[in-house]
Amino acid sequence: MRGIITVIGKDKVGIIGKICILLSDNNVNILDISQTILQEYLNMLMIVDLSTSKVEFNELSEKLEQCAKELNMEIKLQHEDIFDCMHRV
């Protein structure tokens, strides 16, 4: 099972590191990552493999939301299938 993580907010040191450590601690593998910085704003998209995660999808989503609060950013986790359906026109 794959997931899509989106990260949006003001850029600062340590964002990617903190998110990567959280994912690593929960045995979630990053398959692909793309980021864009426009002026001082970061927009990042990650495709992750959730098949070996130590926690359920909802718990990982909650952990990412807590991380978002600490970083003062928006971080969302979605199932790949739902993400695809939402962006299909």
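Summarising the geometry, atom CG belonging to L23 is positioned 4.5 Å from atom CD1 belonging to I5; distances are rounded to the nearest 0.5 Å. Separating the CD1 atom in I8 from the NZ atom in K76 is a distance of 9.5 Å, to the nearest 0.5 Å. Atom CD1 of residue I19 and atom CG of residue L22 lie 8.5 Å apart, to the nearest 0.5 angstrom.
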Donor-acceptor pairs under 3.5 Å, side chain of residues 55-72 to any protein atom, not counting sequence neighbours: which ones?
| unit_1 | atom_1 | unit_2 | atom_2 | d |
| --- | --- | --- | --- | --- |
| K63 | NZ | N26 | OD1 | 3.0 |
| E70 | OE1 | K18 | NZ | 2.7 |

Please list, one pair per line, the donor and acceptor atoms closer than 3.5 Å that link side chains of residues 27-43 to other protein atoms, with sequence neighbours excluded.
| unit_1 | atom_1 | unit_2 | atom_2 | d |
| --- | --- | --- | --- | --- |
| N27 | ND2 | T52 | O | 2.9 |
| N27 | ND2 | T52 | OG1 | 3.4 |

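Considering all non-hydrogen atoms of both residues, M1 and D49 come closest at O-OD1, 3.4 Å.
Using a 4.5 Å heavy-atom threshold, the side chains of I47 and I4 count as touching.
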